[in-house]
2 protein chains.
Amino acid sequence: MAVKERMDYIKKQLHSQSYKLTPQREATVEVLLENEEDHLSAEDVYLLVKDKAPEIGLATVYRTLELLNELEIVDKINFGDGVSRYDLRKEGANHSHHHLVCIQCGVVSEIEEDLLGEVEVKVEREWQFKIKDHRLTFHGVCSKCQHEKDSTNEETGRQTVDQL
Amino acid sequence: MAVKERMDYIKKQLHSQSYKLTPQREATVEVLLENEEDHLSAEDVYLLVKDKAPEIGLATVYRTLELLNELEIVDKINFGDGVSRYDLRKEGANHSHHHLVCIQCGVVSEIEEDLLGEVEVKVEREWQFKIKDHRLTFHGVCSKCQHEKDSTNEETGRQTVDQL
DNA sequence: TACTAAACGATAATCATTATCGTTTTCATG
DNA sequence: CATGAAAACGATAATGATTATCGTTTAGTA
Ligand SMILES: [Mn+2]
Ligand SMILES: [Mn+2]
Ligand SMILES: [Zn+2]
Ligand SMILES: [Zn+2]
């Protein structure tokens with residue numbers, strides 16, 4: 001529901017830094033908003049955005065994702081397979097959210113709650129390090145794989161990632 | 001001090017899986033032990049290991065690092081610059097340690113203490129996720145950069161990494 | 001000593017990402 | 001409205017890290 005509002009907000013963020021919201025950029029942001037729970041690679045975004053703007057080039061997608069990353073609208077993350085993935089920040093969030101990666105089926109799920117509050121207080125105090133952001137990923141076995149034996153990603157349609 | 005002992009232990013781990021500790025593998029492990037606080041790329045390791053075994057090939061270094069990663073002797077980590085880095089696990093540790101990355105000077109430092117104990121209890125309980133390992137990195141400003149203004153990595157000799 | 005599988009070194013192939021360059025679009029200004 | 005400069009774009013070449021291939025060497029066993 002908030003898709004329209006969030007698009008407007010992102011438009012404002014771009015304009016406030018005197019960037020334009022071109023049709024290509026708007027289509028790219030739309031794809032990210034419509035696939036918020038996924039973790040799309042640049043190539044993934046490119047294929048999805050072609051439906052909305054068929055003439056777009058892959059280089060523009062890379063440039064747009066890079067720009068959105070600089071503006072801290074998306075986080076560029078890496079799960080160890082060879083590609084960068086672009087993860088829209090949650091509404092109002094000012095830092096990256098956490099992830100759970102299943103080492104059996106490859107599914108990636110999200111933890112929106114910030115679990116690091118106390119930990120960061122301790123790190124700032126004891127290591128004299130001023131924290132600006134964090135990356136936290138747990139590797140393990142998802143609830144589905146704990147029950148169903150085997151289960152080597154039986155095409156559930158959910159976004160997955162290779163190995164550990 | 002424990003370098004020799006740790007080498008012996010790694011040798012045992014290899015043998016227990018019926019892998020051989022070839023001269024090339026031994027030289028590679030030696031480099032990792034002698035640069036434990038750094039976060040070397042495959043290329044970095046290759047250059048360092050050439051002093052001990054000049055005839056070694058880059059492919060062998062990649063193969064060895066891959067093997068050590070499978071045996072959970074090293075963790076393959078990624079700080080967002082385009083290369084994988086190989087990080088020896090701390091003595092006796094059964095999971096990856098945490099990192100602090102300075103977004104000003106690029107220096108990477110380590111937190112050996114496990115700060116995630118309580119967090120993991122909560123995640124396992126509330127998300128029904130069986131945790132096997134974790135990756136935690138803080139991005140921020142190191143104590144040195146907080147004091148010294150500017151400071152864009154004035155060649156301190158310490159291992160650094162590009163940008164956020 | 002002879003056989004077989006594991007490892008190796010050199011190097012070609014892959015593939016994600018970045019750089020280049022000519023063209024198009026946007027927008028301020030006259 | 002026309003014009004010129006800067007920002008964006010699309011196509012595609014270049015780069016660079018990693019992986020695959022293949023012929024050779026080494027280690028362990030019969
Ligand atoms: Mn996410
Ligand atoms: Mn480390
Ligand atoms: Zn699973
Ligand atoms: Zn610093």
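Letters A, B, ... mirror the listed sequences (proteins, then strands); counts begin at 1.
dA5(C) atom P lies 17 Å from atom OH of Y19(B), rounded to whole Å. Separating the CG atom of L65(A) from the P atom of dC9(D) is a distance of 12 Å, rounded to the nearest angstrom. The CG atom of L40(A) sits 17 Å away from the C1' atom of dT17(C) (whole-angstrom rounding). Atom-to-atom, CD of Q17(A) to P of dA7(D) comes out at 14 Å; the value is rounded to the nearest Å. Remark: P of dC9(D) and NZ of K20(A) are 9 Å apart, rounded to the nearest angstrom. The distance between atom CD of E70(B) and atom P of dA7(C), rounded to the nearest whole Å, is 12 Å. For the pair Y46(A) OH and dT12(D) P, the interatomic distance rounds to 11 Å; values are reported in whole Å. Atom-to-atom, CG of D81(A) to C1' of dT17(C) comes out at 15 Å; the value is rounded to the nearest Å.
W127(B) and F79(A) fall into different hydrophobic clusters, where Ile, Leu, Val, Met, Phe, Trp and Tyr residues are linked whenever their side-chain heavy atoms come under 4.5 Å apart, directly or through other members. At a threshold of 4.5 Å between side-chain heavy atoms, the hydrophobic network of Ile, Leu, Val, Met, Phe, Trp and Tyr places F138(B) and V107(B) in two separate groups.
By the 4.0 Å N-to-carboxylate-O rule, E72(B) lies too far from K132(B) to be salt-bridged with it.
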Test C142(B) against S109(B) for side-chain contact (heavy atoms from CB on, under 4.5 Å), laying out the working first.
CA-CA 9 Å; C142(B) 76; S109(B) 46; over 6 Å; no
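For R25(A), the listed nucleotide lying nearest its side chain is dA8(D); candidates were dA8(D), dG9(C), dA7(C). Considering only the side chain of Q24(A), dC9(D) comes nearest among dA6(C), dT26(C), dC9(D).
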Nucleotide by nucleotide, nucleotides 15-22 of chain D touches protein heavy atoms under 4.0 Å in the pattern (B base, S sugar-phosphate only, - none) --SBBBB-
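Heavy atoms of other residues, nucleotides or ligands lying less than 6.0 angstrom from NZ of K12(B) number 12 at most. When the shell of 6.0 Å around CD of E36(B) is examined, it contains more than 12 heavy atoms from other residues, nucleotides or ligands.
A side-chain N or O of D87(A) and one of H97(A) form a donor-acceptor pair less than 3.5 Å apart.
Contact between the side-chain N/O atoms of T60(A) and the OP1/OP2 oxygens of dG10(D) is found at a separation under 4.0 Å. Put simply, T22(B) has a side-chain N or O that comes within less than 4.0 Å of OP1 or OP2 on dC8(C).
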